[in-house]
Asks: 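Handing you this structure, nothing more for now.
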Amino acid sequence: TTIGTEPEIQQITVPVESEEQVPIEQFLTIALVSLRTLYLVHQNAHWETKGSNFYSDHLMYERVYKSAAADADALAERIVGQYGVQSLNFALQGAYMAKCMAHAAQASNVVLRSIAAEEKAMAMISEAYYAINELTLGLDDLLMNISSHREESLYLLKQRNANSTI
């Protein structure tokens with residue numbers, strides 16, 4: 001089974017009330033939500049894993065959820081440092097986290113759920129990166145590092161899925 005056979009969901013995008021430019025911190029908050037969702041999805045998989053690959057899967061999920069947590073923390077601290085604590089729009093985070101969790105929950109097993117969550121997070125981080133016209137060098141570097149970590153996690157999950165009999 002590949003992720004392409006999983007049901008499609010409606011696209012999650014940054015809400016725009018008008019044609020005005022969306023604040024940078026709003027794009028970053030959406031990227032943050034995707035990372036926080038990854039943490040929850042992967043940690044849940046860490047608890048749910050079973051079978052003959054239990055131990056290796058248990059460790060792999062621990063590795064990827066800790067990576068997502070570190071990425072989320074780094075991005076949240078950057079948002080607060082550059083745009084202020086008010087930029088961590090808690091209500092917006094909750095609304096989008098629910099959408100991200102619903103997307104991941106559609107997958108037929110824990111591996112595919114984690115893959116779907118990683119792919120959605122990578123898309124949201126990429127959308128934020130390309131939507132922000134004037135990135136500082138530090139923010140550019142941070143988003144590139146987060147993307148690299150997410151690609152590594154996606155690679156591990158896809159390798160696990162390729163060798164799967166789930």
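Note that the structure is predicted; figures quoted are calculated from it, not measured.
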Asks: Applying a strict under-4.5 Å side-chain criterion to I, L, V, M, F, W and Y, I'd like to know whether F54 and L59 cluster together.
Replies: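 Yes, because F54 and L59 connect within a single hydrophobic cluster, where side-chain heavy atoms sit under 4.5 Å apart.
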
Asks: Is there a side-chain contact between L92 and V33 in this structure, where contact means two heavy atoms from C-beta onward sitting under 4.5 Å apart?
Replies: no

Asks: If you compare all heavy atoms of A68 against all heavy atoms of L35, which two are closest, and at what distance to 0.1 Å?
Replies: CB-O, 3.9 Å

Asks: Test S114 against every option in N161, L38, V41 by the side chain to side chain contact (heavy atoms under 4.5 Å, CB included) rule and name the one that passes.
Replies: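 Result: among N161, L38, V41, V41 is the only option passing the side chain to side chain contact (heavy atoms under 4.5 Å, CB included) with S114.
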
Asks: How long is the straight-line distance from CG of D141 back to OG1 of T136, given to the nearest 0.5 Å?
Replies: 9.5 Å

Asks: Can you tell which of E62, H149, R150 makes a side chain to side chain donor-acceptor pair (under 3.5 Å) with S67?
Replies: R150

Asks: Any non-hydrogen side-chain atom of M60 less than 4.5 Å from a side-chain atom of T49?
Replies: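 Side-chain contact under 4.5 Å: no.
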
Asks: Which residue in the set E151, E152, E119, E118 passes salt bridge (Lys or Arg N to Asp or Glu O under 4.0 Å) when paired with K158?
Replies: E119

Asks: Is there side-chain contact between F27 and I24, with heavy atoms separated by less than 4.5 Å?
Replies: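 No - every pair of side-chain heavy atoms lies 4.5 Å or more apart.
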
Asks: Heavy atoms only: give me the nearest A72-R36 pair and the separation to one decimal.
Replies: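 It is CB-CG, 4.0 Å.
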
Asks: Looking at side-chain heavy atoms only, is the closest gap between D57 and R160 below 4.5 Å?
Replies: yes

Asks: Do N109 side-chain atoms and L112 backbone N/O form a donor-acceptor pair below 3.5 Å?
Replies: yes

Asks: Is there a donor-acceptor contact under 3.5 Å from the side chain of T29 to the main chain of E25?
Replies: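 Yes.
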
Asks: Mind checking the CD1-CD spacing from I30 to Q93? Nearest 0.5 Å is all I need.
Replies: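 The CD1 atom of I30 sits 8.5 Å away from the CD atom of Q93.
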
Asks: Check ring pair (Phe, Tyr, Trp, His ring centres under 6.0 Å) between Y129 and all other residues, then give those that pass, not counting sequence neighbours.
Replies: none

Asks: More than 12 heavy atoms of other residues, nucleotides or ligands under 6.0 Å from CZ of R78: yes or no?
Replies: yes

Asks: For the residue pair Y65 and Y39, categorise the inter-ring angle as parallel (less than 30°), tilted (30 to 60°) or perpendicular (more than 60°).
Replies: perpendicular

Asks: At their closest point, which heavy atom of M124 faces which heavy atom of C100, and how far apart are they?
Replies: SD-SG, 3.9 Å

Asks: Evaluate the side-chain proximity of Y61 to L156: yes if any heavy-atom separation is below 4.5 Å, no if none is.
Replies: no

Asks: The test is side chain to side chain contact (heavy atoms under 4.5 Å, CB included); show your working for M97 and L40 and say whether it passes.
Replies: CA-CA 10 Å; M97 192 171 291; L40 294 173; 3.8 Å; yes

Asks: Let me know which of Q106, H42, E48 forms a side chain to side chain donor-acceptor pair (under 3.5 Å) with R113.
Replies: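 When side chain to side chain donor-acceptor pair (under 3.5 Å) is applied between R113 and each of Q106, H42, E48, only E48 qualifies.
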
Asks: Hydrophobic cluster membership, with links at side-chain heavy-atom distances under 4.5 Å among I/L/V/M/F/W/Y: are L137 and L135 in one?
Replies: no

Asks: Which atoms form the tightest heavy-atom contact between L32 and L75, and what is the distance?
Replies: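 Here L32 and L75 meet closest at N-CD2, 3.6 Å.
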
Asks: Is there a path of hydrophobic side-chain contacts, each under 4.5 Å between heavy atoms of I/L/V/M/F/W/Y residues, joining W47 to V64?
Replies: no

Asks: Identify the heavy atoms of I132 and L28 that sit nearest to each other, and give their distance.
Replies: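 So the minimum-distance heavy-atom pair works out to CD1-CD2, 3.8 Å.
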
Asks: Under a 3.5 Å distance rule, please check whether S148 uses its side chain to pair with a backbone N or O of M144 as donor and acceptor.
Replies: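 Such a contact is absent between S148 side chain and M144 backbone.
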
Asks: Using the rule that Ile, Leu, Val, Met, Phe, Trp and Tyr join whenever any side-chain heavy atoms are under 4.5 Å apart, tell me whether L157 and Y55 fall into a single cluster.
Replies: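 Different hydrophobic clusters.
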
